[in-house]
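This report concerns only the one structure given below.
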Number of protein chains: 2
Amino acid sequence: MLLANADIDNSQALTERQQAVLDAALRLLVEEGDNLTMTAVARRASCSKETLYKWFGDRDGLLTATVQWQASKVRVASVDGKGLDLASLTASLERFASDWLSVISSDTSIALNRVAVGHAGSGKDDLGAVVLENGRFALARRLKPVLEAGRQAGLLEFTDAETAFRTFFGLVGRDVQIRLLLGDRLELTEAAIGGDAARATQQFLALFGAKAGPQGL
Amino acid sequence: MLLANADIDNSQALTERQQAVLDAALRLLVEEGDNLTMTAVARRASCSKETLYKWFGDRDGLLTATVQWQASKVRVASVDGKGLDLASLTASLERFASDWLSVISSDTSIALNRVAVGHAGSGKDDLGAVVLENGRFALARRLKPVLEAGRQAGLLEFTDAETAFRTFFGLVGRDVQIRLLLGDRLELTEAAIGGDAARATQQFLALFGAKAGPQGL
DNA sequence: GGTTATCCGTACCGTACGTTACGGTTCGGC
DNA sequence: GCCGAACCGTAACGTACGGTACGGATAACC
């Protein structure tokens, strides 16, 4: 689910072997966090450090390549907004919500966000921007057309799609991501995710659904 | 505002000088992120490295002491729930919301959360737990009585205070914290914070206010 | 079969930084 | 005035790790 890098792959000239190396680096990143060593990556990937440096320049290059490689793999599924009624809109929103919760609670996402947050402090590279672009902003790009379609169909009422999206984002994510990033155990079962997605969707519809007045500016 | 460590200070036997050292470390942490060196701290605090090690054990000890020191300073103001009507409840909620937004958008909070997130990966210390305990969970402890009072006064309707709190948390924070942690520029002016706090409060009241039916489980 | 390119494995170098050790100074107690 | 404790400044040590160099193996190509 929610993986679909089939069509246009932005893997800029990555050979099979290089992808395997990046996968190894990614696995190591999940296990070790940001304190993975080049030696460890080389050993895990069964390649030489010299090759790593030839291919990726330096440690930061390897890290960004790894993050981009993973980012190119995780894609929230898109939704077509034709024949929209309340049921299908609700289903779409719930789908987005549960997909998003699945992503942010996955080990790889947590690890990637951790290293990106860490690097955002001493801004050598733009890992934070990459993660943000392929995470929160990609989600917005996918969801906003659905919201707009819902408004066109008379199902939703809002003035600014960005504001509506951010509210939905907040209702879905709540404190989950920061708690996970800070190391809080918080296992999200499939069922819990489904329940949260449904709840968030209902709350969003209560706030932005047509004929439900009280949503402010 | 929102600082009140007057009464019971949990500064466990920290001399004036030690607090000054921790303040210096904190300032350096904000500037340099997690890659601050013991030498830099010693120089900034005008103390010797030997003293640092005698007082705080090792680098991690210094870091946790710094985080706890800051945590003991930042306290969200508490609210008394007597004579509660809709206006005062709204005011309290807005106050909580804007205080919280001010905290999470402050430089020190961002820096502290960054290092805590980074350390949560390779779990040597419990910086994440400390931050979580003094951030998100402290907020919940302060806010829940207000919510309960609101329910007692017939102003709010909810079955689980935790769920209600988490919804409020999501409506207030939305994507702000993760974006800031990932390095997104996002200056929150006083006015913007006030507006967001009011919006979040209104949305929360729309969902959980009495005589507003549609809030699900 | 020879040549060349690619890459693995490993040894090596330089450096940054955590940690420790030590001499010099201040200061309170007697 | 002397002693010891606390502390500053700095030098020194050990190590981990990023980055580089080199020998040997494999394979493609002629």
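Predicted, not measured: the structure shown is a model, and the values here were computed from it. Basis for what follows: all heavy atoms, side chains included, without hydrogens, waters or symmetry-related copies. Here is the naming used below: chain letters follow the sequence lines, and residue numbers restart at 1 for every chain.
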First locate atom CD1 of Ile110(A), then atom CD1 of Ile104(A), and finally report the distance between them rounded to the nearest 0.5 Å. 8.5 Å
Members of residues 26-43 of chain B that approach DNA chain D, where some heavy atom sits under 4.0 Å away: none
If you look at every heavy atom in Leu186(B) and Arg179(B), which pair is closest and at what distance? CD1-NH2, 3.7 Å
Check every nucleotide of DNA chain D for an atom under 4.0 Å from a heavy-atom of chain A, then give the first and the last such nucleotide from 5' to 3'. dC17(D) to dC22(D)
How long is the gap from OG1 on Thr167(B) to CZ on Phe158(B), to the nearest 0.5 Å? 11.0 Å
Just verifying a value: how many Å separate Trp100(B) CH2 and Ser109(B) OG, rounded to the nearest 0.5 Å? 7.0 Å
Taking atom CD of Gln68(A) and atom CG of Leu127(A), what is their separation to the nearest 0.5 Å? 8.5 Å
Chain B on DNA chain C: first and last contacting nucleotide, 5' to 3', under 4.0 Å to a heavy atom? dC17(C) to dC22(C)
Stretch residues 55-64 of chain B: residues that reach within less than 4.0 Å of DNA chain D through a heavy atom: Trp55(B)
Return yes when atom CG of Asp60(B) has more than 12 non-hydrogen atoms of other residues, nucleotides or ligands closer than 6.0 Å, and no otherwise. yes
Distance, nearest 0.5 Å, that separates CZ of Arg136(A) from CD1 of Ile178(B): 11.5 Å
Which atoms form the tightest heavy-atom contact between Gly183(A) and Ala120(B), and what is the distance? N-CB, 3.9 Å
Would the distance check show the side chain of Glu94(B) and the main-chain N or O of Ala91(B) forming a donor-acceptor pair, the cut-off being under 3.5 Å? no
Does CG belonging to Asp58(A) count more than 12 external heavy atoms closer than 6.0 Å? yes
Output for pair (Thr37(A) OG1, Asn35(A) CG), nearest 0.5 Å, gives 9.0 Å
With no hydrogens and no angle check, do the side chains of His119(A) and Asp126(A) hold a donor and an acceptor under 3.5 Å apart? no
Indicate the atoms forming the closest heavy-atom contact of Leu52(A) with Met38(A), along with that distance. CD1-O, 3.7 Å
If an axis is fit to five pairs at each end of the helix from dG1(C)-dC30(D) to dC30(C)-dG1(D), what is the angle between the two, to the nearest 10°? 0°
Partners meeting ring-ring contact (aromatic ring centres under 6.0 Å, His included) with Phe168(B) (sequence neighbours left out): Phe204(B)
Could you tell me whether a side-chain N or O of Asp184(B) sits under 3.5 Å from a main-chain N or O of Leu180(B), the two making a donor and an acceptor? no
